Amino acid sequence: MTPEDRERALRETARVLAPDGSVHIDVSETFDSRSETDWQLSLAEPCPEAGGPVEEWERSRPHADHVAIEKQFRRAGRVLTEVTERWVYHRALDLAEVLARTGFELLGIDRGYGRDSSPHRLVYHARRRHWHDPTAPTPVGHTSRLRHGASLLRTPPPPFG
């Protein structure tokens, strides 16, 4: 995804999001330094459709512009299917500026989150501005989460202090 693609995606998000809606963009500061891993078992669960337990195995392969996460789903040692996810890394340095240009008001940036704070993570919180009055305050309402430029998911509003 190019910077232009990212800006186009945020513009479209602002267009379809309710005026009081918000986005939360989760950025990992160490994503681009993710190391190569060999095959590891990540999940083993019963699967009646496959006639027994299915295992999910994955390995990661870093590339110059993305990290490939290769996954295999196995049953009784046999590979049922393979999937490759490509995670594209975008530096967060200009994210506040891009949000402002694409119709959002930056509400805050959290460093780390969860029960055991993950200090390598940044979460940008932004609210869609009203198009008729970009300076008008709007309450946080319906919330969407945009993770690494991926899909939008409905989530409850975040706790802001």
Side-chain angles (χ1 to χ4, degrees), residues 1-35 37 40 42-43 45 47 49 54 56 58-71 73 81-161:
M1 178 180 274
T2 67
E4 292 79 20
D5 292 334
R6 178 176 46 185
E7 191 159 329
R8 192 171 24 258
L10 285 170
R11 235 181 251 295
E12 177 64 8
T13 301
R15 186 185 72 76
V16 300
L17 195 62
D20 62 348
S22 60
V23 294
H24 307 277
I25 302 174
D26 181 348
V27 180
S28 171
E29 294 180 310
T30 58
F31 184 83
D32 59 345
S33 63
R34 185 172 177 150
S35 62
T37 62
Q40 300 174 28
S42 60
L43 182 68
E45 291 290 328
C47 181
E49 297 85 358
V54 172
E56 178 182 339
E58 66 178 49
R59 69 178 175 183
S60 63
R61 300 283 185 247
H63 297 272
D65 62 343
H66 70 281
V67 173
I69 309 295
E70 300 171 7
K71 296 184 178 194
F73 296 87
T81 190
E82 296 180 306
V83 175
T84 300
E85 299 175 354
R86 287 178 177 76
W87 294 6
V88 179
Y89 176 74
H90 298 286
R91 296 201 181 277
L93 298 175
D94 66 341
L95 191 53
E97 182 181 320
V98 172
L99 284 165
R101 272 198 318 269
T102 56
F104 290 96
E105 170 193 2
L106 185 63
L107 299 174
I109 303 171
D110 291 337
R111 177 171 290 283
Y113 57 87
R115 188 172 297 141
D116 298 320
S117 181
S118 300
H120 67 281
R121 307 301 290 255
L122 294 174
V123 181
Y124 286 73
H125 304 280
R127 173 177 46 211
R128 179 181 176 252
R129 291 189 311 244
H130 285 280
W131 293 111
H132 65 280
D133 183 2
T135 62
T138 55
V140 175
H142 299 289
T143 303
S144 297
R145 178 165 288 249
L146 182 62
R147 187 168 202 263
H148 299 297
S151 62
L152 294 173
L153 304 172
R154 289 296 203 203
T155 60
F160 291 109

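These numbers were taken from a predicted model, which means no experiment stands behind them.
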Exercise. Can any side-chain N or O of R128 pair as donor or acceptor with the backbone N or O of A14 at less than 3.5 Å?
Worked result: yes
Problem set entry | Residues in side-chain hydrogen bond (donor to acceptor under 3.5 Å, both in side chains) contact with E85, at least two apart in sequence or another chain | K71, W87
Exercise. side-chain hydrogen bond (donor to acceptor under 3.5 Å, both in side chains) with T37: which residues, sequence neighbours excluded?
Worked result: S60
Exercise. Are R11 and E7 ion-paired here, with the side-chain N under 4.0 Å from a carboxylate O?
Worked result: yes
Exercise. Checking side-chain contact (heavy atoms from CB on, under 4.5 Å) for the pair F104/L17: CA distance, chi angles, key distance, verdict?
Worked result: CA-CA 11 Å; F104 290 96; L17 195 62; 4.1 Å; yes
Problem set entry | Pair R59 + E70, salt bridge at N-O below 4.0 Å | yes
For this session: Indicate yes or no for a side-chain donor-acceptor contact from T81 to the backbone of F73 under 3.5 Å, with no hydrogens or angles considered.
Result: no
Problem set entry | Carboxylate-amine/guanidinium contact R101 E97, below 4.0 Å | yes
Problem set entry | E105 CD to R127 CZ distance, which is reported to the nearest 0.5 Å | 4.5 Å
Exercise. Partners of R61 by side-chain hydrogen bond (donor to acceptor under 3.5 Å, both in side chains), sequence neighbours excluded?
Worked result: E36
Problem set entry | Value rounded to 0.5 Å, distance of NE2 in H125 from CG in L99 | 11.5 Å
For this session: Show your reasoning for whether side-chain contact (heavy atoms from CB on, under 4.5 Å) applies to I109 and L95.
Result: CA-CA 11 Å; I109 303 171; L95 191 53; over 6 Å; no
